[in-house]
Colleague: 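Mind looking over this structure? Questions follow.
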Amino acid sequence: MEKHKAVASMGQNSLLLPAWITASLLANDRLKLYLSVLQSAATHAADAQAPLPDWSTELRQHGQADLLWLGELAANAYMQDSLLVLPQIETLTQAMADDLETMAKPVCEFADAPESEFCSRRGHWLAVLERLQEQSGLRPGDLGSLTHGEPARGDSLHLLVMDLHKRLNALAAQIATENIDGAHVWQIEPDDRPLIEAFMRGLQRTAPLKFGHPGLATAVTRHGKKLLIQNDIGTNDAHVLVLEVQGKTVRLTYSDLHQVRFDFFRLQLEALGFTWELLAPQTVDGLNQGKPYVLGHATLQVRQPAALLQGLEAAASRIVFLIDWNRARKRLQLFVSKPLALEVLTHCAQTDVGHMGWLLAGGEQLVYGAMQAVDSHAFRVGERLDQVLGETAARQFLQALLTEASLKLRQQLPTAMVQDEARLLLARAMRQRSFEFDLLAEHAALQHAIATEVCRALAGDNGADPAQWLQTLGRAKAWEHQADQILSTARERTRRHERWLPLLELLGAMDDVADTLEESIFLLQLLHTEPLHGLPPAIVQALQRLADTTLAAIQDQIKAIEIARHLSQQANRTDEEAFLQALWRTLRGERLCDDLYREARVQVVHELATQPVLFGLANEVAAALEEATDHLLRAGYVLRRIVLNPGGVVA
């Protein structure tokens with residue numbers, strides 16, 4: 001008689017519980033693998049070109065290298081009308097049923113405390129799997145009912161597996177024969193202790209960042225040559241981490257319902273030297289409402305034992321940042337774009353700050369309160385921080401706020417102090433905001449690009465090739481259109497915020513510069529259209545001097561805008577002087593262009609008095625270039641009025 005049967009015959013099931021739990025944890029891994037194979041099969045059946053994972057490595061890890069039919073099942077799946085046909089579905093569903101029985105056994109058959117809810121759910125899904133054995137495939141809805149992870153949609157096999165996993169963690173804590181730095185441990189070897197201590201050292205270093213939130217319970221046991229470390233991320237998150245340590249290799253298994261959170265954690269571990277193997281299929285429209293869970297393995301292989309301990313410690317220190325991560329992301333996206341929210345969360349993880357302090361201090365209400373207190377006119381309902389402050393300033397504000405919230409709550413300071421800090425940080429960001437200057441700088445850069453094309457064309461870069469002139473005109477039109485879009489953005493903002501009126505006036509003048517420069521390129525292109533063949537060299541040189549001076553004036557305008565971006569009420573005299581000098585050079589450029597315009601007109605009269613078409617077009621080119629500097633002069637005066645006031649220099 002086998003030992004476990006002998007023990008059971010004596011009525012001492014509690015002595016079997018550690019072995020049952022170890023077997024259950026291995027069954028959990030296999031069940032997740034089976035569900036991933038099913039999803040991969042559905043993806044491949046819907047799109048025969050979809051790549052299929054190589055399951056052989058995964059099967060060997062689970063000691064089931066003989067079950068290569070799993071990969072064949074996915075590769076040979078196909079759709080027959082609405083039925084997903086799966087060869088060997090009977091074998092698969094039987095394997096799933098066997099592992100479900102194994103996984104549920106400690107919970108449902110522990111004599112002292114059988115749990116009826118889990119037993120009932122186990123019975124239901126065993127019946128479902130038995131029914132599926134009699135089919136040749138999965139009908140519409142079958143796959144979703146097995147794999148979905150959303151409790152609001154009702155129970156699923158996937159949900160049962162995850163709930164059982166959490167309950168097994170609790171049972172593991174109850175039967176643990178030892179506690180090593182907070183980890184519940186049983187049936188380990190002496191050499192395992194340093195590994196467990198390293199993992200717990202990393203976990204405890206960042207654990208305070210969860211601020212009392214449930215989660216991070218750790219259970220450790222050994223299965224053959226592998227040390228198994230599992231960590232319960234949190235009661236509100238339906239995912240658990242499992243690490244296997246064997247020799248000088250750490251292998252971490254992680255599944256998640258949210259692709260973005262999975263990617264966040266994947267990047268965190270890649271920075272530590274882990275490599276990833278993703279096993280879950282890609283999301284397919286109509287499959288599980290587009291929300292299959294993501295499953296992957298991260299592997300760290302080292303040469304030295306010290307590196308193994310460092311890797312375990314570092315990996316453990318990242319787990320806390322998964323707690324309530326998705327809730328934090330969604331709340332941050334109320335104020336910034338999704339990519340920017342991910343940048344904030346990544347920064348706060350890399351700096352060991354986290355997001356839980358911010359959530360506990362009020363989260364989005366903390367930011368809304370600061371917005372209302374600092375400038376209720378600047379922020380309107382539904383308007384995001386990055387739309388008012390600009391992306392850079394909004395990201396910096398949120399990163400600073402999450403940092404301050406974490407620091408102050410760890411010091412057990414009242415949340416009222418965090419609220420005050422939020423207002424101070426936002427007030428500072430409002431004073432330093434540069435979004436308006438971002439638009440000005442972008443528009444000025446477009447002016448510069450068009451003016452550069454004018455200079456290049458007059459310098460002879462296009463030659464006499466009509467195609468080259470058309471390409472030059474096409475580029476100028478595209479840039480002029482982008483400049484118009486910036487002006488449209490300012491007009492839209494002016495409808496909501498009157499404070500944008502001066503900026504709209506400035507952009508309007510700058511847009512007139514872009515329009516007239518684009519017009520000058522059109523006229524030059526026209527001069528190289530049959531039967532015309534350009535202008536005499538003397539006139540081209542006169543126009544070139546005019547264009548070069550216009551370009552120099554635009555460059556000075558760009559310098560003035562960049563200096564103005566950084567001016568504040570505490571600006572030093574050097575900054576103020578540099579701003580005024582750049583403005584003065586812009587004004588001087590306009591006066592110089594007046595003289596050059598007259599010289600160009602005189603040259604046109606001398607050279608083209610008997611050629612009325614060329615005479616008129618040459619005059620129009622010169623007038624357009626001179627008019628551009630007139631608009632630059634007007635823009636310079638508006639910029640000066642925005643930046644200077646009787647009280648000094650303000651941003």
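Keep in mind the model is a prediction, meaning the values are calculated, not measured. Atoms considered below: every heavy atom in the structure, side chains included; atoms not considered: hydrogens, waters and symmetry mates. The chain is numbered in sequence order, starting from 1.
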Colleague: Please examine the side chains of Leu332 and Lys338, heavy atoms only from C-beta on, and report whether any two atoms are closer than 4.5 Å.
Modeller: no
Colleague: Assess the residue pair Asn326 and Lys330 against the criterion (side chain to side chain contact (heavy atoms under 4.5 Å, CB included)); give the C-alpha distance rounded to whole Å, side-chain angles, the decisive distance to 0.1 Å, and a yes or no.
Modeller: CA-CA 6 Å; Asn326 212 46; Lys330 289 179 179 178; 3.4 Å; yes
Colleague: Taking the basic N atoms (NZ, or NE/NH1/NH2) and the acidic carboxylate oxygens, is any pair closer than 4.0 Å for Asp548 and Arg545?
Modeller: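 Looking at Arg545 together with Asp548, the answer is no, because their closest N to O distance does not fall below 4.0 Å.
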Colleague: Enter the distance from Leu517:CG to His631:NE2 here, rounded to the nearest 0.5 Å.
Modeller: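 Spacing of CG (Leu517) from NE2 (His631) equals 9.5 Å.
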Colleague: Quiz question: by atom type and distance under 3.5 Å, do the side chains of Glu343 and His347 form a donor-acceptor pair?
Modeller: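 No, no side-chain donor-acceptor contact under 3.5 Å.
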Colleague: Does a donor on one side chain sit under 3.5 Å from an acceptor on the other, for Glu599 and Gln603?
Modeller: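 Side-chain D/A pair, Glu599 to Gln603: absent.
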Colleague: Can the positive tip of Arg266 be found less than 6.0 Å from the middle of the six-membered ring of Phe264, inside 45° of the ring normal?
Modeller: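 Not satisfied by the 6.0 Å and 45° rule.
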Colleague: Quick check on Arg585: does its CZ atom have over 12 non-hydrogen neighbours (other residues, nucleotides or ligands) under 6.0 Å away?
Modeller: yes
Colleague: Do Arg153 and Glu150 sit within salt-bridge range, that is, some charged N less than 4.0 Å from a carboxylate O?
Modeller: yes
Colleague: Is the distance between the ring centroids of Trp276 and Phe262 under 6.0 Å?
Modeller: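 Yes, ring centres under 6.0 Å apart.
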Colleague: Is Ser406 reaching over with its side chain to a backbone N or O of Thr403, donor-acceptor style, under 3.5 angstrom?
Modeller: no
Colleague: Starting at OG1 of Thr346, measure out to CD of Gln399 and round the result to the nearest 0.5 Å.
Modeller: 9.5 Å
Colleague: Verify the neighbour count for atom CZ of Phe615: are there more than 12 heavy atoms of other residues, nucleotides or ligands below 6.0 Å?
Modeller: yes
Colleague: Taking C-beta and beyond as the side chain, do Arg395 and Val336 meet within less than 4.5 Å on heavy atoms?
Modeller: no
Colleague: State, to 0.1 Å, how close Leu632 and Thr586 come at their nearest heavy-atom pair, and which atoms those are.
Modeller: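 In terms of heavy atoms, the two residues are closest at O-CG2, 4.1 Å.
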Colleague: Are Leu440 and Leu506 packed together at the side-chain level, in the sense that at least one heavy-atom pair is separated by less than 4.5 angstrom?
Modeller: yes
Colleague: Minimum heavy-atom separation for Val540 to Leu458, with atom names?
Modeller: CG1-O, 3.3 Å
Colleague: Nearest 0.5 Å, what's the CE-CG distance between Met417 and Leu424?
Modeller: 10.0 Å
Colleague: Nearest 0.5 Å, what's the CG-CE distance between Leu409 and Met356?
Modeller: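 Result: 10.0 Å between the selected atoms.
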Colleague: When you look at Thr472 and Gln525, which way does the side chain to side chain contact (heavy atoms under 4.5 Å, CB included) test go after all the steps?
Modeller: CA-CA 8 Å; Thr472 298; Gln525 182 265 334; over 6 Å; no
Colleague: Look up atom CG in Leu470 and atom NZ in Lys477, then write down how far apart they are to the nearest 0.5 Å.
Modeller: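 Answer rounded to 0.5 Å: 8.5 Å.
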Colleague: Answer whether the closest heavy-atom distance between the side chains of Leu587 and Tyr637 falls below 4.5 Å.
Modeller: yes
Colleague: Taking the ring centre of each residue, are Phe274 and Phe265 less than 6.0 Å apart?
Modeller: no
Colleague: Evaluate the side-chain proximity of Thr206 to Arg318: yes if any heavy-atom separation is below 4.5 Å, no if none is.
Modeller: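 They are in contact (side-chain heavy atoms under 4.5 Å apart), so the answer is yes.
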Colleague: Show the nearest heavy-atom pair for residues Leu398 and Val367, with the distance to one decimal.
Modeller: CD2-CG2, 4.3 Å
Colleague: Check Arg475 with Glu453, please: is the shortest side-chain N to carboxylate O separation under 4.0 Å?
Modeller: yes
Colleague: Might you point out which heavy atoms bring Trp325 and Phe321 nearest each other, and give the distance in Å?
Modeller: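 For Trp325 versus Phe321, the nearest heavy atoms are CD1-O, 3.3 Å.
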Colleague: Looking only at heavy atoms, which two atoms of Val418 and Leu366 are closest? And how far apart?
Modeller: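 Shortest heavy-atom contact: CG1-CD2, 3.6 Å.
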Colleague: For the CG atom of Leu487 and the CE atom of Met510, what is their distance to the nearest 0.5 Å?
Modeller: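 If I round to the nearest 0.5 Å, the distance is 10.5 Å.
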Colleague: Below 4.5 Å, heavy atoms only, C-beta onward: do Gln557 and Gln447 meet side chain to side chain?
Modeller: yes
Colleague: Which heavy-atom pair separates Leu532 from Leu527 by the least distance, and what is that distance?
Modeller: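 Smallest heavy-atom distance, with atoms named: CB-O, 3.3 Å.
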Colleague: Have a look at His443 and tell me which of Asp484, Thr489, Asp511 forms a side chain to side chain donor-acceptor pair (under 3.5 Å) with it.
Modeller: Asp511
Colleague: One thing to verify: whether Glu505 and Arg634 come together as a salt bridge, which I'm taking to mean a side-chain N less than 4.0 angstrom from a carboxylate O.
Modeller: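 No.
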Colleague: Is there side-chain contact between Glu404 and Leu425, with heavy atoms separated by less than 4.5 Å?
Modeller: yes
Colleague: We want to know whether Gln419 and Arg423 form a side-chain donor-acceptor pair, criterion being a heavy-atom distance below 3.5 angstrom.
Modeller: no
Colleague: With heavy-atom distances below 4.5 Å as the criterion, would you say the side chains of Arg331 and Trp358 are in contact?
Modeller: yes
